[in-house]
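Positions are given from 1 along the sequence.
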Amino acid sequence: MNKKIGNIFKGDKVVWMIFFFLCMVSLVEVFSASSGLTYKSQNYIGPIIYHAGTIFIGVVVAIITLNIPCRYFKLMTPFLLLFSAVTLIWVWLAGTKVGDAGRWISLFGLTFQPSEIAKGTVVLAVAQILAAMQREDGADKNTFKWIMRLTLPACLFIGLENLSTAAMLFVVVYFMMFIGLVPMRQLAKLTATLVVMFALVLSMIFLVGHDLNADENQLAQVEQVDTQPKSKNVVEKVFHRADTWKSRIMKFGKSQPSPQEYDLDKDAQVAHANIAIVSSDIIGKGPGKSTERDFLSQAFSDFIYAIIIEELGILGAFFVLCLYIFLLYRCARIASRCENNFPAFLAMGLGLLLVIQAIFNMMVAVGLAPVTGQPLPLISKGGTSTIINCAYIGAILSVSRSAKTKTEKEENKEKYE
């Protein structure tokens with residue numbers, strides 16, 4: 001019996017344990033945080049059944065992916081790049097809008113975000129470029145050029161609708177280039193360029209966007225101007241979400257008002273997240289006993305870490321953080337044991353992708369970063385995003401299972417060199 005189970009759950013056992021604990025935390029906390037959904041539908045078990053079904057499909061996808069030898073991922077790259085390019089252009093031109101963001105595509109009855117597939121595809125392609133252009137003293141100087149030719153267009157199209165995802169993907173690629181020994185001179189120039197670009201984009205956001213947190217008189221003037229018929233120029237089309245971006249930046253940059261002056265209508269998410277955290281204590285209120293879940297919108301998604309802190313306390317929140325840190329550490333261990341470069345870079349890239357997003361979500365929940373709408377991977381309620389993140393875990397497990405490993409002699413030699 002144990003042998004049959006072992007044949008199904010192949011690959012690194014530590015990664016499987018981390019994956020299992022994240023799924024268990026997800027089931028408990030999404031069930032607890034979905035009170036708003038259950039109230040609207042009057043179906044108290046429906047949301048968690050849907051989420052449990054999504055996780056089950058994700059586990060099946062992870063098992064299927066881990067059984068694909070990592071060398072075959074290279075063959076999939078051209079098709080994934082083509083699919084990502086087509087869907088990113090599609091979502092920009094005719095994406096399904098929720099609020100002011102058109103990030104979704106409906107295809108064959110399924111709704112998904114192309115950016116979720118695109119970011120994994122970019123990591124896969126960058127891993128191949130880094131592996132193919134490694135030399136004895138590090139990456140070839142042309143490596144940087146090829147990676148930028150791939151990454152910049154992808155981040156541009158992702159950023160038009162989801163700026164935080166584009167920024168996060170670029171950070172992952174930057175770390176992959178650092179790990180892949182791309183010349184430091186080129187990385188230094190890129191860093192300087194990014195600082196200038198950031199300043200320019202920030203300036204354009206403040207020039208084009210309107211602060212949605214402004215008082216009623218200012219908003220009335222803006223609405224009066226916007227009702228006049230006018231055609232949008234290229235800049236306005238590119239920065240069509242500038243209002244949202246500017247409002248989030250302005251809100252994050254403002255000093256915190258006193259409790260008496262706090263506006264719960266305008267700052268409901270941040271306010272109720274702070275209340276959830278402050279009322280948590282060390283051990284929390286206990287699973288299913290959150291009170292702020294009834295007031296915090298997106299409690300089951302963007303702000304689920306605040307609910308985790310409220311119910312499981314500081315210790316539970318630290319445990320969840322450690323799960324992601326251990327996942328990245330384990331990816332580094334798997335990568336260090338790979339004989340070939342491609343699986344090593346792939347494992348590190350996917351590990352960075354999951355962990356950086358998780359840390360950014362946690363920073364938003366505790367007020368260390370502006371609200372961006374990034375879910376907590378493998379824990380937040382999701383559809384295709386959850387399944388795709390499970391596929392990333394499956395790819396990491398595939399590397400741990402099928403990649404050629406260095407012998408113990410070679411590892412000891414590298415250690416003492």
Side-chain angles (χ1 to χ4, degrees), residues 4-5 7-11 15-68 83 87 96 98 103-120 165 287-288 290 293-294 296-305 307-308 311-312 316 320 323-324 327 350 353-354 357-358 361 373-398:
K4 288 182 179 179
I5 294 174
N7 288 334
I8 296 173
F9 299 100
K10 292 178 282 191
V15 173
W16 268 117
M17 287 178 62
I18 294 169
F19 183 40
F20 171 78
F21 279 120
L22 289 172
C23 289
M24 290 301 100
V25 171
S26 177
L27 287 171
V28 172
E29 294 305 319
V30 168
F31 180 59
S32 175
S34 298
S35 59
L37 294 177
T38 58
Y39 178 78
K40 289 177 183 177
S41 64
Q42 293 298 302
N43 183 354
Y44 295 96
I45 202 69
I48 193 59
I49 289 177
Y50 173 83
H51 184 61
T54 303
I55 289 179
F56 176 77
I57 294 171
V59 172
V60 172
V61 169
I63 293 171
I64 293 171
T65 307
L66 77 85
N67 281 284
I68 302 173
F83 179 81
T87 52
T96 302
V98 176
R103 302 173 182 173
W104 289 265
I105 284 180
S106 295
L107 189 66
F108 304 119
L110 295 174
T111 302
F112 68 96
Q113 294 186 52
S115 59
E116 292 294 324
I117 298 174
K119 64 187 185 184
T165 297
S290 168
R293 64 189 176 189
D294 297 325
L296 184 58
S297 64
Q298 300 298 315
F300 50 81
S301 180
D302 302 350
F303 280 86
I304 196 168
Y305 194 62
I307 304 301
I308 290 173
E311 295 190 348
L312 304 183
V320 172
L323 287 176
Y324 288 106
L327 176 62
L350 293 176
L353 195 61
L354 291 169
Q357 180 176 334
N361 173 279
Q374 288 292 334
L376 189 59
L378 300 171
I379 290 183
S380 291
K381 182 180 182 296
T384 51
S385 62
T386 298
I387 295 170
I388 291 168
N389 286 331
C390 290
Y392 296 159
I393 292 291
I396 294 169
L397 290 167
S398 173

Quick one, Glu311 with Ser32, criterion side-chain hydrogen bond (donor to acceptor under 3.5 Å, both in side chains). Give me CA distance, side-chain angles, the key distance, then yes/no.
CA-CA 9 Å; Glu311 295 190 348; Ser32 175; 2.3 Å; yes

Could you walk me through whether Phe19 and Leu397 pass side chain to side chain contact (heavy atoms under 4.5 Å, CB included), step by step?
CA-CA 11 Å; Phe19 183 40; Leu397 290 167; 5.6 Å; no

Yes or no on side chain to side chain contact (heavy atoms under 4.5 Å, CB included) for Leu354 and Asn389, after CA distance, side-chain angles and deciding distance?
CA-CA 8 Å; Leu354 291 169; Asn389 286 331; 3.6 Å; yes

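The minimum heavy-atom distance linking Ile18 with Leu327 is given by the pair CD1-N, 3.5 Å. When all heavy atoms of Ile63 and Leu66 are compared, the pair lying nearest together is O-CG, 3.3 Å. The heavy-atom pair separating Thr386 from Ser380 by the smallest distance is OG1-O, 3.9 Å. In this structure, Leu312 and Pro287 approach most closely via the heavy-atom pair CD2-CG, 4.0 Å. Taking both residues in full, the closest heavy atoms of Gln357 and Pro375 are given as NE2-O, 3.0 Å, listed atom of the first, atom of the second, then distance.
For the pair Trp16 (side chain) and Lys10 (backbone), a donor-acceptor distance under 3.5 Å is present. When atom types are taken as modelled, the side chain of Ser398 and the backbone of Ile68 share a donor-acceptor pair closer than 3.5 angstrom.
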For residues 24-31, run the donor-acceptor check on the side chains, cut-off 3.5 Å, and write out each pair with its distance to 0.1 Å, sequence neighbours left out.
from: Ser26; atom 1: OG; to: His51; atom 2: NE2; distance (Å): 2.7
from: Ser26; atom 1: OG; to: Ile379; atom 2: O; distance (Å): 2.7

Going by atom type alone, with no hydrogens or angles, which donor-acceptor pairs under 3.5 Å involve a side-chain atom of residues 52-62 and a protein atom two or more places apart or on another chain?
from: Thr54; atom 1: OG1; to: Tyr50; atom 2: O; distance (Å): 2.9

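For the atom pair CE (Met17) and CG (Leu22), the distance works out to 11.5 Å, reported to the nearest 0.5 Å. Here the OG-CD1 distance, from Ser385 to Ile117, works out to 11.0 Å after rounding to the nearest 0.5 Å. The line from CD1 of Ile388 to CG of Leu353 is 11.0 Å long, rounded to the nearest 0.5 Å.
For Thr165, the side-chain hydrogen bond (donor to acceptor under 3.5 Å, both in side chains) partners are Asn162, Gln374, not counting sequence neighbours. Not counting sequence neighbours, the partners of Asn361 by the side-chain contact (heavy atoms from CB on, under 4.5 Å) test are Tyr305, Leu376. Residues that satisfy the ring-ring contact (aromatic ring centres under 6.0 Å, His included) test with Tyr392, not counting sequence neighbours, are absent from this structure.
Lys119 and Gln113 share no side-chain donor-acceptor pair at under 3.5 Å.
Inter-residue side-chain proximity for Phe83 and Pro114 is flagged as unmet; no heavy-atom pair is nearer than 4.5 Å.
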